[in-house]
Amino acid sequence: MVCLSTIPLPLSPNGPPPGYGWEDRDMSVLSTTTAFIAGIDHRDSFLGWRRCIICGIDNARVLRHCHIIRQSEPDVWIRLKERNWIPELAKDNPQHEPRDGLLMCNNHHSFFDGHSFFIRYLPEIRRFVFVNYSGDSHLQQFHGKAIALDIDDHHAPFPSLFIIHEMRVRGYHPFEPTVPIMPDEVPWQDWISSDGVIDSASGSFKRDKRRGNPNNNTSSQQQPQSQPTTMSAGGASSGGRKVELNADVIADILAATHAMPSWKACQMEGTSWAGTAEENIQTYVSSIGVEDR
């Protein structure tokens, strides 16, 4: 039998036992955890404030860093790498990969982990869209509207990961219609439009704090929300965009995942560039997938 570790007595009155302090943590764990948080906080900040990507609330006390593939599922992470659903050079554990992370409020984090809704990436419009698959009345105001994720950001989540979460949501609600409906024209979430988070000229998100109004950090969750014109899985519909999940849909999402800047950025981060200039060029071509000209 392996002996349990012992802690020398008496205990220090001003801190943890030797070896248990923050400074004693493995530096690689510290750096990867910090990179995870920093990557998400930068990506999911709008007009100078960190915000829930669903409802836009910016109260730091209720914001959480969430995982699409949970920290407790490293085996799933490995299988995704083996099937080329995520880059082979992504972080070894999902808890350290910012492209597996989302910034959400407590409320929507609970609904997400509770499999009440899923997020679907639509390659044809290049937006991540909220789908209220459970038909929960508290979530209906967000259904069929794009959330605050930018596919061109170097830390954008891999759309392929949302397929795994979607399959689980569908499994949790076996009696809901298998093809929910959303509007043909997919708008942004109300707070994104009303708060001027989108640059109309470039179509990109505004990250910097708005000038001349430093105290403009009210919660967008309190603003009145317009209802989508079509119903989700739990209600009737007068027509609209069908949210199907089949082999063709999965293939399209995987193709979009492989082509996104986030995929290439992840490959570059995980590649060693310690060789000569010529060797690094060959490494870039082989790992990033750029052909010689």
Side-chain angles (χ1 to χ4, degrees), residues 40 43-44 53-54 66-91 93-95 97-104 108-109 111-136 139 142-153 155-174 176-182 186 232-233 241-267:
I40 295 175
R43 184 197 68 203
D44 297 342
I53 60 171
I54 306 298
C66 316
H67 291 84
I68 307 169
I69 303 300
R70 298 181 182 182
Q71 303 177 57
S72 58
E73 299 180 303
D75 54 331
V76 175
W77 193 252
I78 292 173
R79 292 176 185 176
L80 289 169
K81 285 188 176 186
E82 292 173 346
R83 288 162 174 76
N84 204 34
W85 278 44
I86 61 175
E88 181 183 0
L89 297 178
K91 300 293 189 293
N93 194 295
Q95 73 179 96
E97 179 56 72
R99 299 167 184 89
D100 180 54
L102 306 168
L103 191 63
M104 288 192 284
H108 290 108
H109 183 197
F111 277 120
F112 185 81
D113 282 357
H115 304 96
S116 294
F117 73 89
F118 61 79
I119 296 168
R120 167 67 72 87
Y121 179 68
L122 301 181
E124 63 272 23
I125 62 173
R126 306 183 78 245
R127 293 183 184 181
F128 295 87
V129 183
F130 186 105
V131 180
N132 179 23
Y133 192 77
S134 67
D136 192 302
L139 300 175
F142 305 104
H143 175 71
K145 299 176 184 177
I147 62 176
L149 287 174
D150 181 4
I151 190 63
D152 289 324
D153 192 286
H155 286 121
F158 299 124
S160 54
L161 298 180
F162 288 118
I163 298 176
I164 303 300
H165 182 257
E166 177 178 340
M167 290 178 174
R168 292 171 172 175
V169 172
R170 289 174 177 270
Y172 266 75
H173 302 278
E176 295 295 335
T178 58
V179 184
I181 304 296
M182 68 172 66
V186 177
S232 70
R241 184 190 296 264
K242 296 181 178 180
V243 188
E244 300 178 290
L245 185 62
N246 53 46
D248 291 337
V249 169
I250 292 175
D252 288 344
I253 294 176
L254 289 179
T257 301
H258 296 158
M260 63 190 295
S262 185
W263 180 285
K264 296 179 180 180
C266 182
Q267 291 283 72

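Nothing fancy with the numbering, it's 1 onward along the sequence.
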Test side chain to side chain donor-acceptor pair (under 3.5 Å) applied to [X] - qualifying residues, sequence neighbours left out:
X	answer
Arg99	Glu97, Ser262, Glu269
Glu244	none
His173	none
Asp252	none

Measure the spacing between CG of Leu122 and CZ of Arg127 and express it to the nearest 0.5 Å.
10.0 Å

dist Leu80:CG -> Asp100:CG (nearest 0.5 Å) comes out at 9.0 Å

Do the side chains of [Y] and [X] get nearer than 4.5 Å, heavy atoms only?
X	Y	answer
Leu102	Arg43	yes
Phe128	Ile151	yes
Pro94	Val76	no
Ile54	Phe111	no
Arg241	Ile125	yes

Pairing residues for Pro74 by the side chain to side chain contact (heavy atoms under 4.5 Å, CB included) criterion, not counting sequence neighbours:
Asn93

Taking side chain to side chain contact (heavy atoms under 4.5 Å, CB included) as the test, write out the residues that go with Ile78, two or more places apart.
Glu82

By salt bridge (charged side-chain N to carboxylate O under 4.0 Å, His left out), which residues pair with Asp150, not counting sequence neighbours?
none

Holding to salt bridge (charged side-chain N to carboxylate O under 4.0 Å, His left out), I want the full list of residues that pass it with Asp152, two or more places apart in sequence or in another chain.
Arg126

Does [X] use its side chain to pair, donor to acceptor, with the backbone of [Y] at less than 3.5 Å?
X	Y	result
Trp77	Lys91	yes
His143	Ile181	yes
His258	Asn84	yes

Mind checking ring pair (Phe, Tyr, Trp, His ring centres under 6.0 Å) for Phe118 and listing every partner two or more places apart, or none if nothing turns up?
Tyr133

Listed by chain and number, what are the ring pair (Phe, Tyr, Trp, His ring centres under 6.0 Å) partners of Phe117, not counting sequence neighbours?
Phe112, Phe130

Please list all pairs passing the side chain to side chain donor-acceptor pair (under 3.5 Å) test where one or both residues lie in residues 159-170, with sequence neighbours left out.
Glu73-Arg168, Arg120-Glu166, Glu166-Arg170

Is the CD atom of Glu88 crowded by more than 12 outside heavy atoms at less than 6.0 Å?
no

